[in-house]
Each structure stands twice: as structure tokens, then as C-alpha cells.
4 protein chains.
Amino acid sequence: MSVPIAILGPTGYTGLELIEILARHPGMHAAYLGTARDTQPRIDSEFPRLAGRLGQTLAQCEKIDHDEIARRAKLAFLCLPHEAAMKHTPALLSRGVKVVDLSAAYRIKDANIYAKAYAHAHTDPAGLAVAVYGLPEFARDSVRDCTLCANPGCYPTAAALGIVPLLREGLVNAASVIINAASGVSGAGREPKAHTTLVEAGENFSTYSIGTHRHQPEMAQSLTTFGGHGLRGRPCLPLFVPHLLPIERGILATIYAIPASGDVTTDAVMTALHNAFANEPFVRVRDAAPTLHDVQRTNMCHVNARVVDGRIVVVSAIDNLTKGASGQAVQNANLMLGRDEAEGLI
Amino acid sequence: MSVPIAILGPTGYTGLELIEILARHPGMHAAYLGTARDTQPRIDSEFPRLAGRLGQTLAQCEKIDHDEIARRAKLAFLCLPHEAAMKHTPALLSRGVKVVDLSAAYRIKDANIYAKAYAHAHTDPAGLAVAVYGLPEFARDSVRDCTLCANPGCYPTAAALGIVPLLREGLVNAASVIINAASGVSGAGREPKAHTTLVEAGENFSTYSIGTHRHQPEMAQSLTTFGGHGLRGRPCLPLFVPHLLPIERGILATIYAIPASGDVTTDAVMTALHNAFANEPFVRVRDAAPTLHDVQRTNMCHVNARVVDGRIVVVSAIDNLTKGASGQAVQNANLMLGRDEAEGLI
Amino acid sequence: MSVPIAILGPTGYTGLELIEILARHPGMHAAYLGTARDTQPRIDSEFPRLAGRLGQTLAQCEKIDHDEIARRAKLAFLCLPHEAAMKHTPALLSRGVKVVDLSAAYRIKDANIYAKAYAHAHTDPAGLAVAVYGLPEFARDSVRDCTLCANPGCYPTAAALGIVPLLREGLVNAASVIINAASGVSGAGREPKAHTTLVEAGENFSTYSIGTHRHQPEMAQSLTTFGGHGLRGRPCLPLFVPHLLPIERGILATIYAIPASGDVTTDAVMTALHNAFANEPFVRVRDAAPTLHDVQRTNMCHVNARVVDGRIVVVSAIDNLTKGASGQAVQNANLMLGRDEAEGLI
Amino acid sequence: MSVPIAILGPTGYTGLELIEILARHPGMHAAYLGTARDTQPRIDSEFPRLAGRLGQTLAQCEKIDHDEIARRAKLAFLCLPHEAAMKHTPALLSRGVKVVDLSAAYRIKDANIYAKAYAHAHTDPAGLAVAVYGLPEFARDSVRDCTLCANPGCYPTAAALGIVPLLREGLVNAASVIINAASGVSGAGREPKAHTTLVEAGENFSTYSIGTHRHQPEMAQSLTTFGGHGLRGRPCLPLFVPHLLPIERGILATIYAIPASGDVTTDAVMTALHNAFANEPFVRVRDAAPTLHDVQRTNMCHVNARVVDGRIVVVSAIDNLTKGASGQAVQNANLMLGRDEAEGLI
């Protein structure tokens, strides 16, 4: 039996990605597409590439009606602005609908840090208290048991999968971590902006938000939490420097750190990665540094690490719309619904 | 029960596309990857993006051994040079292995025209005699019954799906047809060439082989054969002008023709398309002209037609690697194996 | 002595192109940058790539003040919306400032056709009466003597330079001309639009405005006027089908036509091009079809023509921002100011 | 009087760039194009975009003949393989022809380090002894007086202009420097390679040669030499991690370092940049981090620095073919010929 699912905010890029994944998923289908727009389009008018490929998906977008969603769906993916996510989540949970939230609303446990990073107050402390940060590779069991999953940010996913295994094993000077990363333009959303036109973004490359990006506190929380004993009680507060790539999709994180001691070798860091990810369906430890082509349009993360000239260099690659957003959301939903974690995602 | 399949020539772009399609196909799997290379790589070393995503596919490439293929596979996809296809096809057919050939070897029925276009003699007249040109929209029943399917070229597929319905209904002056089309660089194959580097092909656009491209005789045969009674016994010999787009994949054909009479309206040409494709799983007749984003990485063809300023303009869009090659090959294989035509392709 | 020049509307792409050309021009310099914006930026803040490269150009943008312009400049380039161009042009001409208008305001001689194409009335019939359509290759002497030059559109420039020589010599069935053309995204201007983001326009290709583009009446006028006796008194009303390329800049026009008679050969059409352009500084007749790389960031047009399968195919390539806009504007200004036509442009 | 110049190896991308620069240079012109190819093309056949734009440049390539070069040119640009550069340089110098060598042959002062990095012995120790490393911003007077100029590598240029001013003023922990940089594909040369096709390099991003790139020893020498007293006698051996961008041209270096002390502020690092580059024609210190669009097709370097989260982040942008190769070569030639350093380059 295929599980009926709601997608709220289906007209952005993460919504489109979800719809395409669910159209091929043998165990879930989109039974409700809810939009906050004044008029509700057919989704295959909004995205003509969906025409004739929707499978069981209901094509007509509808207004967001909590009761109706509860009648027709077991779980909802929220691809909404942060504030809207905080408004709809309690209403859905109270009606028994599980939620995977793709916004940042429930990612940062400290509401004050959230408020500072996102420039608005957190309005759902109850939700925040129960939300589980959905990085399955490090929180699988918690995700399985939760009703509200905060789907991680794209950059934090790439960063954590690259460096956490090394932090855990105490191989890294935690104060030295630099997350140098580059993302495709789809990470900026579907709304046109002055710097995302083809003329401005094409054949170009640049840094942005150096040390001030909103994903930094999320990364700090994630690396600190998952780094565990390896950190010996200190937080890991990485320097995060994002770059904008002239491509549609993909994130490559080139992570720099100082080894915890002079004994740390390439073998040691690679072994840490292999140990962490030996049985993971969506992480591949590579002998060579990965490229974005290796992971685009898949839910995979490819990682490689080495020690060179006395420093650790980790390269971690994901697709920002798949493992960095909608693919990971389905991975989390698979867990929350008691299904095989990889179903519909390979 | 999943049907075991062989792929010969898996290390090119059509091979990769086949492997990715079969990895998700519920009714077929790649059980033999045969290469003519001196050393046989694992396919996930050749294409790291396949790592962990191969499902039942055997990862190790092997030498091409006809007996072994016959033992392990029911059908073979040939992604080989034309000459190699003519060598291996009879050996496979004689061992009871059905063949879908993605080369041009069996597309053109007249061996002399073939020899002129491809600059070598046809060496398998017996195969040529039984081969079926696998454009399912116009030859579904023949494909179902065949053992050797000549998978159409990318440009000819886009052209035929755009103009054949109009030819059939006698709406077009058949002598006036111009196939103006543009393809992504993957159409030139995986081998690096001076004009396919990013520096040369990127931010560029050009015509090539004006009126002399090898797909022209294939188009002429296809339009003439499928145009049928609408042509009143005359051939349709289109002018074909290809262009090279600075993108990976996709073909957009902008087709020009003079209406057969002054009575031909936009309604008439659109009705012809709707009549031809009403029940087709892989063709969508669009009210607006399609873009390549509408069809990339799908097996769909999107078409639109209009009469403007006394001329017919048809726009037809496909992905050259999917509907223009590997997707259509699987569509044909589905038919040849008695399966649902759309299985594994939506 | 360098001539002082005004640029009105310097913050768009044609403005930037003009500034870069003038910064290297030995005989002109930008002495006034006038903007309709509420606040006036320094131009090297608006376009950081200009920092340190402005030569004699005054960097500070100013409000548009006709008297001040007249005091400080001999000629003004107008990179403004059509309506604004019709407002400022009479005021500048009356103050003795020559005008090269890069908008469409003065291109179409028939105000009714203009009003229909641009959906607003023409408000400066006096200017329209004296304006010269500035395609120097066919109107050099008129440009030299004019005070108001209507700088041609990008597509019409590529089209006219490709087909006019053949029309003039009566080699073409004028009723059969199809201007199939493709442009880079900069042709859509600097304002972000839903279809011009990198995600939407990148890796994509599409037609637009089939048979309804505003450059069609301009082309019809240009081909008819410059086609002259070769047309035997009939107009040339081409079908125009533009396409959007996933690149920044460049226009490739692939022009189709039926020969006027069966005697027309490739030699004949190439000879017509050579005769027309033998002494032109900015047109090169090529033995092979040109690519966009051959002309990008130059003021050149490369053309090639052939007869194939009973049809004429002309390929014409320009840079839409240079020969299709700002480069041609400087070429016209050189003529209007009595300077060498090619000064500052090679 | 325009100085006649020879270009040896004009058929690669640095050769093309040189020819385009010289065609606009008021004080130099290419009077000899020497190629090692068996047949010598016209340069405007090799690069059709040069047709009609060569000014005084002689279009016909010739064999490399030292005597003839000495007769016809005062200075030669060498765009040849390293070994060829070492063969031709002594022959040219002995005939009184000054040399700007764009290969790596004369960049590294220690022949053993050179041999290890480039995997062949240095065959011209005499040349190596007199060669001047041509980074004018730090070695202007030496360049002015030299006869053999080793034109710096592209990555080392971007790195040195970004970090040397900070090293000089002792603001940086020299052992902590990481040069994280990304280059367009033109840096890989014109020869097609498996990883430089549009299909492989387009829509992609990757690291390569992590810690092992041949430009690392050049950087180490450059930073150590120019860092001077600020280094207190210790070398600066940066970690260098290059990335391949899916674009034609441009290098963005994102440089990380630990401040020399807790007192180092953003003001301090910006002041160091302003002090170093106040009068430089080709370096702009920017308040915001630059993008590649700010510098492409110019000889400019744009730099910005800040202290964030206890670390220094410098962003340095150049065009790899201009300031990173041919533009800097002309800048050096201007100095060596006693001309204005910026002539022909703004």
C-alpha cells in the first residue's frame, strides 16, 4: 500500500524535486499539493516537465487546509518559508500528520541563536523541543521515532558528512575547522534575483556571506553534537565560507583542519570515514576526491580525506536539492514511516 | 521476474544512461556489461556516480563473448560503433539473443544509401532485411514482433515526432520541409574532440554539416515511410541543418514547412498532433512551444505546431540521450519482451 | 582632440558596453553619464569591473539635464526605454546635441506599425521624419549626414547583413525568407526575469515569440528598403523565429530561402556577399559557417552562404551587445562626427 | 614608433590573448609569429575571430628561426612548452632579443626544485641565473632592467597579490596559509583532454592535485621572497588546493590564514592592502569580495581581506589568461622596453 503524502509549497525547486522523487517511489505518493499562492495552478502547468510523469500524484494544487491534509495524508513535507513552517507545523502535528520540515525553522535547538541568525523570533517552542535534526547517518534512531523532523540545510549536510567522523575519533583540532564550500544557483531558490540571472551568475564565481551565513550556527550545532566525545567537551565552531558556482546544482565542500596531533595520517582519516560509513546506503568513501558529477541528481554523498603538508583536507560532495534537501527529506520520511530507508532513492 | 540484459559498449554516454535506467527498472537488469576495451574496468570506476546505485547490475565489465551473453541475457543493447554492431548482431541473433542496436547500422534500409552516408559497406544484409526501425509511436506492432530493433537516431526521432502527423494528414507541402535542429554536446560522444572542450563549445553556438549530416537520409526514410498516404507517393526529402548547443543534453527541432494549402490553420496542425499522440505515453502535445528543460532526463517528446505568416512552424523537444537513444531503446526492449511499454521509464 | 560624449542610461548592459568601448577609444570619451534613477551611483560601483579602467570617463552618474548635456557633450548615446528616448531626443537635438538612439523609438518609419509592435503611440513624429536607420554597410552616407541615428536592433542587424546582398542581386525568392535566429540572454536586458535566471536559462534552449517578435517589422522594413531593385517592387516580409541561448552574448542567424531560380549556385550567393562587403571593415565573408566565438566581443559580422538541396542557407553571426548594439552605435557616432568609421572598434 | 615583437607559440590560448592585446597596443605590434608545428597556418585561419582585426600583426605563422627573429623583433613572448622555452631562450638572448617567457622554465630559482616539480632537468642554468620573476607589483625595478623575464604562473599571481602585503607587515602566521583557488578551464590549455570536454567539465566542480600542484613551489618561493622581513627569516610554505571551474576563464583565490596575533583586525589587513597597492595601475583593493566578472578580460587583480572568527580571509580575483598570463606578459614587456607600464592594457 502506497502511503499518501502532502507537499506544502510544491512550486519551488525542492517541491519539484520531491514530486519527481515521489513519482518513482513505490511506497509513497503525493496526494495533496498545498500552496499559499492566491491561485492554485496545476503542478504540470507550473512545471511542464511533469506532464505525463506524475504517476499517482494529484496534479491540482490546493489551498493549505489542515483538516483536509489530515484526512488525505499521513505525512507532510513542508517546503515553505521559515515563518510559515512554524505556523503550519503545530496544526499538522495536532491532527496526527507527521512533518518533515525543509525550512530552517526547527533545525537550531537554541531559539535565541535561531532568532539572531534568521532575524525573527521562534514562534513554536513546543515544536522545537520535540523536533529531531534529520541527518540519518548520525541520528537514525531518533528520526525513526519522531513526528517532526527538521531536515538539515544543504551546506551543513555536506560539512557534517565530511568532518564528523574525524571529529568523533579525535583526529582533528576542532578549533581549526574551515568549511570552504561552493553551491549551485538553485540553492538561492526559484525567485529571480539580480545576482542569479544567467548573465550575472554564468561564467562567474564568488564568495558570499563570509563568516556570516545562516548555515554557520547550524553547522556549529551539528558538528558539536555529532562530534561527541571526540571534542572532549568543547564546541566545534567552524569558519564557513560559501561560494556561488555557475551551475544549477551541487555542493562541493573542501574542508580544512589541523590534525589533532602529528601522528594523524591519511590512513587514519580514511579509516575514520570507512568506519563511520561502511554500511551507509547514501555515503561512499572514495579513494580520490569526488566531483559534483559523481553525485548530481542522486541522494549520495561522496567523501575523501587526506593529510597533506601537515593539514587535513576533506572533500565532500552532494546534490544540494537531493541529499541536501528533498532526497534527504524522503530518506527521513522513509524512516518515520517504518519503511526501508533507501526506498525510492537509488 | 526481472529479465537479464546485456549492454555492449557500456562506457559511453548511452551506456551510462542505459545503466541508470535499468538500475531503476523493475523488470530488467543489466547482467552483462561487455566492452571491446583491452582492459575491462568496473563500471563504477569508469563512472563513479554509479557507485552504490547499481542495484542488481553486475559492476564488472567483461570481454564480449557471444556464448556467455546467450547464457546470461535475453536481450542485448548495442552501444558500439556501426561496424562492430554489424559484426556482433548476427552472432547474438543466432544464439537467440534479441538485439536493440543503438548504432546506425540497421536504420537505413537501402544498403547503398547507408554505405554512402557512413563511408563503409554494409556487412550484414540478412540483419538489415529483418531489422525493424524502432520508433514505437509509428511502428509499435512491428517492434513488438521483432528480434532486431534499429534504435532511431536522436535528430530523426525529434524530427519524425514533430512532422509525421502533419505529413500523414496531407497538411504539408512535403518538398518544403526544413529540419532546423540543435543538440547538446553529449551527442558527439565521450571521446574528447577539439570542438567539444568547454572552452570551445561553451558560450558558443554554431551550425555544422549543413545539408550533409548522416542523419538526413535516415530522416528522409523515416518521414517518407511514416508519412504514408499523406505524401501521395512522393518522398519527403527534408533539408536538415543541425546546430551545436553549449549544453550537455537535449535536442530542440524547429521545423519549417509550407502548408499544403491556404486552408491549413493552427487548429488543423494541432489537431493532427493530438490525434496522432492522444494515447502515447511518451509524447505530449503542448499549447506552447516546449523548452529543453521540459524534457531533459525524461523519455518524453514535447511538440507544438502553429501556422504563422503562411508557414507551418513545429517545435519538437527531446533528450538526445533518453528519447533520442537509451530511453527509447528501453521502450523498444519493453515491447520486444512483452512488457508494459512505459515500464521503468516514467 | 577627444570628443566629449554623453551616455544616457549607462547602468544597463549596452551602457556598460559603450563605456568599455569609449574607455579605449582614442577620439571620444564619456563626459556625462545620465541616469533616470532616483539616486545616481558611481558607475564603477554599479559595475566594479570598471574600477581603474575608466580613462577620461567621468565616473559619477548624474541626473539627465539637457542643458548640462549640451554644455558638456557633442553627441549622446541613448540606452533608455523607447518612451524615454522619444522624450529626450527632441530636447537634445534642439540644443545641438547629436543623438544615437539604441532604443527602437526611431527605427520603424511608419508610426502605425511602430505603435502596433510596441503597444504605445509614437510621440515624436518630427524626430521620426529625420532619423536615419544606422546600418552603415547599407546607409553609410545618410548616417554621416544625420543628427539623429536610429541604431538598429540586434536581430535585424544579423538578418540584414546576411540576406540583403542576395536580395539586392535578385538571387532570392523574397517571399520565402525565414530568419531563424538565436540570441544570448543579455539581449533580455539586465532586469532579472523568471526565465532568465541561471537555473531556468542555463542548460536550456527554446523558441519564443514565434512570428510575433517586435523585431519582425523592423526586419521587414530593413530587408525591403535595402533589398532595393532586387525585390522588383515587392516587400520582403520574413518569417522570424527567435531562440534563447544559454549564454551571455551573441546572435547566430540561420537564414533559409528559396533561390529565385534553379541557376542560383553557392558561387553566386558567395559572390554576392563578397561584392557587397569587399571593403567593409566590420563584415567578413567566410568560406565556412561562423560560430559565435568568432565574433563575440568584437564589432564584426561573419557571414557565409550556400545553396544546398535546392535551398539557400545563410549563416550570419554577430555579438548582440557590440555589432548588435553598442559597437554599431560607436560606428555610427564615428561617422556622424566625421571620424574614421572603425576608430576605437578593432 | 611601434616596437616589433615576436610571439613564439601563437596557436594556444595565451598566444591568442597576446595577439588580441597587441592588436590594440599603440606601442607594440606582432611582427613575427613563430610556431613549432610542421605546417604554419595563417593565424586568422587558426582563430577566425582575428580576421580583419590584426592591425599591423603579420598574419602568417612561420618556422622558429632565431636569426630572422633577431632581424625583425626586439622582444619575444614565449608561449611554448617548458623544455622548448629553455632551448630557444639562450639563442634569442644571445642575438639581443629580450624574452618574456610564459612557461614555467625560469620561474623557480632552485633548479632541483624545478626538476622535481616538472619532472625534467633544467637545461639553461645561465638563463635561470639572470631571469627576473616578473610580478611587477613586487619587482618592478628588476623587471625594468632585465632581458629575460619569467612571467609568473596564474595561481601564484593571484595568491601573491592577495597575501604578500599581509606577510610583509607581519600580520600573518606564515605557517598557516592556505591558498584555496579555482580556475577556469582555459588554464588547462587548448589540447582536448578527457576531463575538459563540455560534458565532463560543464555543470561540474572539483578539486585536483591537492597539495601536489606544480604551482605550489612557485608560490612558496614567491611568498617567501616577497614576504621579506615580515616573515622573520622563515619561509612561507602554503597549502595549495586548486579547483576546476565550469567556465572559460578567471581565477578566484580564497586565502585562509591565522593572524599573527589577536590584535590583527579587518582594518589592519585592509590597510596593508591599501598601502601596498595605492598606486598600482592593475590592483584594486575592494571593500567587498570581488567576483570573477569584475576582472575577466582585464589585466586587473581585485583583492579584499577581512578578519572573521579569528581567521584572516583574503579573496583575490584575476583573469588567468590576462593578469595571470598574457596581460602580465605585456605589462612586463612595457617595463622592459621603457614604455608606460599600463600602455595597451586598460
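Convention: sequence-line order gives letters A, B, ...; per-chain numbering from 1. All values below were derived from every heavy atom in this structure, side-chain atoms included, with hydrogens, water molecules and symmetry-related copies excluded.
Here OG1 of D/T298 is found 10.0 Å from CG of C/L50. Values are rounded to the nearest 0.5 Å. Rounding to the nearest 0.5 Å gives a distance of 11.0 Å between CZ of C/R24 and CG of D/L345.
The candidate with the highest count of non-hydrogen atom pairs below 4.5 Å against chain C, out of D/A288, D/A51, D/P26, D/G55, is D/A51.
Contacts of C/A23 with chain D are absent, with no heavy-atom separation under 4.5 Å from either backbone or side chain. Both the backbone and the side chain of D/R53 come within contact range of chain C, judged by heavy atoms closer than 4.5 Å. Looking at D/E20, neither its backbone nor its side chain comes within 4.5 Å of chain C, counting heavy atoms on both sides.
Residues D/G52 and C/I346 approach most closely at O-CD1, 3.9 Å, considering heavy atoms.
Under the 3.5 Å distance criterion, the side-chain polar atoms of D/R49 are matched with a main-chain donor or acceptor of C/Q296.
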